[in-house]
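Naming: A, B, ... by sequence-line order, numbering from 1 per chain.
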Protein chains: 2
Amino acid sequence: MNIKRDVPERLLAVAADLFAREGFDTVSVRKITSRAKANLGAVTYHFGSKEELFHAVIDRIGVPFSHRFISIAAGAGTPLDRICGIVTMVLTEPNLPAPTLILRALATDRPLPPPLRELMQRNLATIAGLIREGQSNGSIREGEPNLLALSVMAQPFLLRMAFRIPRDIVGVDRSDPATQRAVVQHVVTTITRSLATHPERRS
Amino acid sequence: MNIKRDVPERLLAVAADLFAREGFDTVSVRKITSRAKANLGAVTYHFGSKEELFHAVIDRIGVPFSHRFISIAAGAGTPLDRICGIVTMVLTEPNLPAPTLILRALATDRPLPPPLRELMQRNLATIAGLIREGQSNGSIREGEPNLLALSVMAQPFLLRMAFRIPRDIVGVDRSDPATQRAVVQHVVTTITRSLATHPERRS
DNA sequence: TACTTATTCATACATACGTATGAATATCAA
DNA sequence: TTGATATTCATACGTATGTATGAATAAGTA
């Protein structure tokens, strides 16, 4: 009976959670292995090094994250609808370590880990593609697509993180689900106004 | 002759630069003191601990940062003009460690250092105040002021950091000053569209 | 079964960290 | 100059880090 052939899997899961929550430097290999109920040497044995584990974590997190982008982008509705769908997903999905990892990596001088580079590249390209689609049928205003994509994604990324901050700073209490819906509505409205050629005729 | 009575000052300056660039955990006391040409014990002696030095750094960085917010907010022009002025400042000011520190603190589970809390609170309040002012004279659309303020500031904060990323990811090369002007113009346009009740009559 | 490979495990190593200590030196008022 | 205080300095302490090592065990194959 293969009771535990899943050590690498457990390490990935625990490390994903810890790296997203506390950052690469702050989390020690000992902390990861002990929570994963694995031996201290397991990281070196299965991944080669702590950094390679980190890269594997990014892949593990990033692949489904990009898939969600792509599947929403390939769905129904106007390009703007689909952009708003992605934004809503980023804002409301309960467990979403990718934005945290990306933001933290951006806020450092160190070079981006290659898998994170690729993750950002893929997802920005997805948004920029939708923007181009909207521009070519006249529903989205002119402007450099990559720049517009950055402006659009900045909001759900930052708002998502800001909500862990107490109410007296951001002035909004995320623990209330009605408030959360209001926040989503707010961001969708803001993005629609900033992108649509005719924002007044929104649904 | 008082050749060097400025050790605390030098420590603050070096630490501000390093903390903003690499983060609190990554920067060692030894690195700070050696770059500041001070003794290893200087941090403990003058500030008590590395963490207290960090808090002093936030104060040192945050005070002028908030002053710039306030002085632009108190200046001439419509509320929206002044918001765009602040955004432009955040986007173009050459040395501005505060956004980096704030973003990195947001992207962590650890509680915000109190001085950073206060810094965010002050600056968000400044923006929210301008938004309320615009709402009361009908030039800025309805919406929760704190939420609108977050949406507005998200863009310059994130775009500023994204520009250290190679061109092939963000699709924009910040080293070209003309491009930088275009980015500012882009963000101003985007914010105007998302905030103004009549964005079409922009200057 | 015996043999080979894969994995686990305890432990060791070298290094880096933040802080403490106490002597040495500088600064400044009297 | 003297004496008190403030600051610098080299060094030590205890702890934590990532990784390496080699023996012990498990799994898989013949």
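- Within the structure, every side-chain polar atom (N or O) of A:Ser28 is placed at least 4.0 Å from both OP1 and OP2 of D:dA16.
- Listed nucleotides C:dT19, C:dT8, D:dG18 differ in distance to A:Val29; the shortest reach to its side chain belongs to D:dG18.
- Residues A:Tyr45 and A:Val7 form no side-chain contact, since every pair of their non-hydrogen atoms from C-beta on lies 4.5 Å or further apart.
- Nearest nucleotide to the side chain of B:Tyr45, out of C:dA6, D:dT8, C:dT19: D:dT8.
- Residues A:Glu22 and A:Arg104 are not paired through a salt bridge, judged by the lack of any N-O separation under 4.0 Å between the basic side chain and the carboxylate.
- Closest of all the heavy-atom pairs between A:Pro99 and A:Phe157 is CA-CE2, 3.5 Å.
- Remark: C1' of D:dT7 and CG of B:Asp6 are 13 Å apart, rounded to the nearest angstrom.
- In this structure, the CG atom of A:Leu11 is 15 Å from the C1' atom of D:dT19, given to the nearest Å.
- Comparing D:dT8, C:dG18, D:dG18 by their closest approach to the side chain of B:Lys50 singles out C:dG18.
- Nearest heavy atom pair, residue A:Leu12 against residue A:Leu53, reads CD2-CD1, 4.0 Å.
- In this structure, CG of B:Leu18 is placed 16 Å from C1' of C:dG18, rounded to the nearest angstrom.
- Rounding to whole angstrom units, CD1 of residue A:Ile32 and C1' of D:dT19 are separated by 14 Å.
- Each of B:Gly41 and B:Lys31 has a nearest nucleotide on DNA chain C; the 5'-most of these lies closest to B:Lys31.
- When rounded to the nearest whole Å, the span between NZ of B:Lys37 and P of D:dA10 equals 14 Å.
- Distance, B:Asp25 CG to D:dT15 C1': 16 Å, rounded to whole Å.
- For A:Arg30, the side-chain atoms get nearest to D:dG18 when compared with the rest of C:dA20, D:dG18, C:dG18.
- Side-chain N/O atoms of A:Thr26 and A:Arg21 include no donor and acceptor closer than 3.5 Å.
- In this model, the phosphate group of C:dA6 is not approached by any side-chain N or O of A:His46 to a distance below 4.0 Å at OP1 or OP2.
- Nearest to the side-chain atoms of B:Leu40 among the listed nucleotides D:dG18, D:dA12, C:dT7 stands D:dA12.
- Between the P atom of D:dT17 and the CD atom of A:Glu22 lies a distance of 11 Å, rounded to the nearest Å.
- Distance from the side chain of B:Asn39 is smallest to D:dC9 among D:dT7, D:dC9, C:dG18.
- Regarding B:Phe54, its CZ atom lies at a distance of 14 Å from the P atom of C:dT19, rounded to whole Å.
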